[in-house]
Amino acid sequence: MTQPRLNPNQIGFRPSSNRREFLRNAGLTLGSTLLCTPVARAANIPPKKKLVVVTFGGGARDQETFAPEGQENIPNMMRDLLPRATFFTQVVNRGILGHYVATASLATGVYETINNFAALPPENPTVFEYYRKDLKRPSSDAWVVAPSNGFNRIGESNHRSYGPGFGARVVLPKYLLKAAMSEGGADYQHLLRDNYENPYYTPELGNKEFELQQLEMVLKLSATDFRTHAKTLSSPDELSLYIVRQLIRQVAPSFLWITMHDIDVAHAGAYSLYIDGIRRTDRLCGELWKLLESEPEYSGKTTLVILPDFGRDADEDAGGNGFQHHRTGDAAARTTWLMAMGPGIREGVVYDRAVESLDLVPTLGAMLGFSPSLAHGKPISELV
Amino acid sequence: MLPSDLKSDDFRAYPPEARKLAVDSLSALRRLPLSFLPNLLRELIEYHDKFPAERAALEKELANLASLSDSQVSDLFGDFSRITLSPKLERTDWVNSPAQFVEQLSAALWTTHQLDAFRAAATKYADHLSSAITAEMPPIPRLGITVIGQGVTSSDVPLFRKLRPYGTYFSHVKPENGLRLLLDAVATRAKAHPVPYGHWYVDGGELADHDSAVTTISYNALTPIREALLNRMHSETERPGMGPEALRSIMAQLQPADLGMSRGDDRILQRFQVKLLTEGSGTQVFSTSFAQWTAREALRRAQPLTLLVRFAPRQRQKPMNELLSANPNQPELDVAGSLMDADMGAYYNWLNQQRLSGAENSRFLVWFEGHNSALAIGPSIPRRTESDSEADLAKLLSWLL
């Protein structure tokens with residue numbers, strides 16, 4: 001679990017939560033709930049829907065993304081995605097700000113309290129379980145592509161009414177790589193790191209045979225080809241997108257959840273690496289959208305939702321060290337954004353009202369027609 | 001055990017100075033809620049390793065707590081008292097291991113969704129302290145100097161963007177002999193106002209020649225300590241069952257001698273250096289992170305009158321394809337990335353300086369080393385202004401001071 005430093009003597013002034021400056025000069029329409037009625041959308045709902053959720057991962061602050069001073073870091077989303085999207089400027093995460101537990105909370109619609117650093121399943125049913133059980137979808141129809149640490153259990157809860165047999169299949173690209181790399185050097189072990197708060201912790205998961213089977217049977221990739229291609233990529237998130245591309249072409253799941261994580265290198269304290277991570281993630285989101293638009297199975301029928309798992313500490317909070325961590329629980333760390341695009345979703349509209357990160361699962365349920373009965377939060381009316 | 005059960009003997013394991021302070025404050029400590037007290041004891045137990053400014057602040061805080069009436073205590077700590085703690089947490093040895101308790105408390109606050117309540121309570125207490133205790137004003141205005149961009153031959157990156165609203169950007173600085181002039185200015189202040197740990201020079205690379213009156217820390221000088229620490233971390237993580245939280249606890253308990261520091265040197269500074277490496281994230285491998293974190297902690301803890309921080313290029317982060325190659329190259333330097341790191345670091349240095357007493361009268365200078373760009377902030381310096389006046393760094397400092 002993320003360990004906040006909570007010395008009362010260090011807590012100083014708080015950041016402003018005024019978000020009126022968000023997306024200034026972006027040429028978008030300020031939306032209101034009244035403008036978006038269910039009737040207006042109904043005619044646009046396609047018969048066969050696909051859904052892709054991307055966590056713009058590893059904790060990203062507004063000021064380095066969609067706030068005016070950050071927009072230079074996300075040219076692809078500003079130019080190609082935002083004009084097609086409905087955008088929410090205030091998504092509040094009131095849960096634990098550790099990446100695994102926060103992502104699990106996003107996926108269950110309940111603030112999970114599981115140990116962030118242990119490979120444990122969520123305690124509440126995941127969105128994948130609701131989707132598959134309610135809609136009677138096969139296991140091949142819901143997939144998660146995620147960084148390695150602990151995320152191997154995110155596809156399926158241990159809830160007795162759902163759980164085993166109803167979850168998503170999970171691909172851990174870095175573990176695929178580990179399996180494919182029969183002759184790894186010492187530095188190669190660093191690739192398995194995704195907990196940047198502690199540079200040497202990596203849990204041992206799964207077994208090599210299973211990972212290689214996933215590569216060859218599902219993704220139609222030989223270990224050699226995978227290894228060769230991985231050597232051309234600069235980061236684990238690029239590897240994830242490569243896996244996503246294979247999944248889309250070979251399996252074409254209806255529900256795909258991608259967790260990005262490169263940005264979390266910010267914990268190392270080097271601002272340029274944090275910005276590099278944001279720019280790379282922006283580029284990958286742009287590439288993902290182009291991929292979805294170019295694939296016949298997905299083009300014109302895919303809803304794409306992108307949101308950070310949470311933010312990072314404010315520069316002005318004396319209890320933290322700015323962008324480096326997400327320990328204070330201040331407004332900057334808890335408040336992020338969400339963009340959604342696809343059939344039936346209004347384009348180029350910005351909503352400044354606050355929604356909660358727990359609203360994601362009920363919203364997805366309303367979009368796809370399943371009932372996340374145990375999820376907290378409520379559907380975002382402007383999206384359903 | 002609860003704070004109300006505290007007895008003098010409970011502090012017998014504390015170092016002598018800390019024990020005396022705790023025993024002298026016993027009646028005040030007994031009135032504090034458990035969700036608060038270990039945070040205070042965490043500072044108190046390390047009293048002997050603290051800088052003079054920290055000791056003075058702690059003594060004033062304890063004196064203030066002792067001066068409060070029972071009703072004032074109830075009012076000030078009521079929100080802390082309403083925080084629910086598990087019996088397991090209450091049973092931990094929070095007197096002798098307050099830091100471990102605080103770690104567990106932090107985790108519990110997140111898990112039980114009481115973090116925001118704790119923040120609110122802590123903010124209320126911090127507000128009380130700042131109004132009840134008159135901060136000691138510095139004898140001279142504080143001066144922060146940050147030097148960035150070492151090794152950068154040219155850059156078209158706009159610098160100091162976050163600082164420009166607060167000061168004047170100088171575009172025609174004469175760079176000749178710049179670092180020497182700055183170090184001489186630091187030495188002059190150190191000699192004129194010889195305050196213990198009052199004047200610092202932090203270098204992200206190799207220390208330049210400096211006056212012995214100045215407290216110094218450098219990334220390069222700590223290389224053997226950093227390597228010893230990294231080796232220790234590697235070996236610890238190979239032990240079965242080792243997770244990040246356990247590793248953090250082990251790191252927190254490391255002493256200077258554990259990492260090969262010789263006894264007899266400045267113990268307070270040694271302990272400070274160990275904490276930079278064991279509590280700082282990235283400080284073990286990136287010199288820019290080290291320089292920024294060192295400046296932050298020096299300002300927060302030692303509250304210096306003068307702080308010169310010189311950033312140096314950090315090693316380049318290897319992309320995945322290089323990590324996968326059989327013969328990875330030797331570490332290279334990322335000069336451009338380091339400039340960006342340092343530019344943000346300069347902003348953080350100024351922010352952290354502004355948290356200290358006398359902020360309205362403090363001065364700050366950031367210079368792009370070897371180049372013509374600098375920015376100055378001070379009471380007499382116009383804000384949001386650009387100047388093309390030609391001046392060397394001594395002249396800039398004279399305008400600033």
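All chains are named by letter (A, B, ...) in the order of the sequence lines, taking the proteins before the strands, and each is independently numbered beginning at 1. Small disclaimer: the values here were computed from a predicted structure and weren't measured. These numbers come from the heavy atoms of this one structure, side chains and all, not from hydrogens, waters or symmetry mates.
Per-residue counts of heavy-atom pairs under 4.5 Å with chain A were compared for B:Arg161, B:Lys124, B:Glu236; the largest is that of B:Arg161. Comparing B:Arg314, B:Gln292, B:His113 by heavy-atom pairs within less than 4.5 Å of chain A, the highest count is held by B:Arg314. Comparing B:Ala57, B:Ala121, B:Ser130, B:Gly282 by heavy-atom pairs within less than 4.5 Å of chain A, the highest count is held by B:Gly282.
In this structure, the side chain to side chain contact (heavy atoms under 4.5 Å, CB included) partners of B:Ile45, at least two apart in sequence or on a different chain, are B:Tyr14, B:Pro15, B:Pro98. Applying the side chain to side chain contact (heavy atoms under 4.5 Å, CB included) test to A:Asp315 and every residue at least two apart in sequence or in another chain returns A:Arg61, A:Gln63, B:Lys162, B:Met344, B:Tyr347, B:Tyr348, B:Leu351.
For the pair A:Gln324/B:Trp293, a side-chain contact is recorded, criterion being any heavy-atom separation below 4.5 Å from C-beta on. Side-chain contact check for B:Arg119 versus A:Asp317: some heavy-atom pair is nearer than 4.5 Å.
Looking at B:Ser289, its side chain does come within 3.5 Å of a backbone N or O of A:Ala268 through a donor-acceptor pair. In terms of modelled atom types and a separation under 3.5 Å, the side chain of A:Ser272 and the main chain of B:Ser338 share no donor-acceptor contact.
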May I have the step-by-step check of salt bridge (charged side-chain N to carboxylate O under 4.0 Å, His left out) for B:Asp116 and A:Arg334, ending in yes or no? CA-CA 11 Å; B:Asp116 291 345; A:Arg334 290 203 180 280; 3.5 Å; yes
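From A:Tyr271, atom OH reaches atom OG1 of B:Thr288 across 13.5 Å, with rounding to the nearest 0.5 Å. A distance of 7.0 Å separates CG in B:Asp334 from CG in A:Leu273, rounded to the nearest 0.5 Å.
When all heavy atoms are compared, the tightest approach of B:Trp110 to A:Gly95 is CZ3-O, 3.6 Å. B:Thr111 and A:Thr113 get closest at one heavy-atom pair: O-CG2, 3.2 Å. Residues B:Leu115 and A:Gly329 share a closest heavy-atom pair of CD2-CA, 3.9 Å. Nearest heavy-atom pair, A:Ala318 versus B:Arg355, reported as atom, atom and distance to 0.1 Å: CB-NE, 3.3 Å.
Classification of B:Glu103 and A:Arg327 as a salt-bridged pair fails, no side-chain N sitting under 4.0 Å from a carboxylate O.
Using a 4.5 Å cut-off between heavy atoms, A:Tyr274 does not touch chain B at all.
With no hydrogens or angles considered, no side-chain donor-acceptor pair links B:Gln317 and A:Asp276 at under 3.5 Å.
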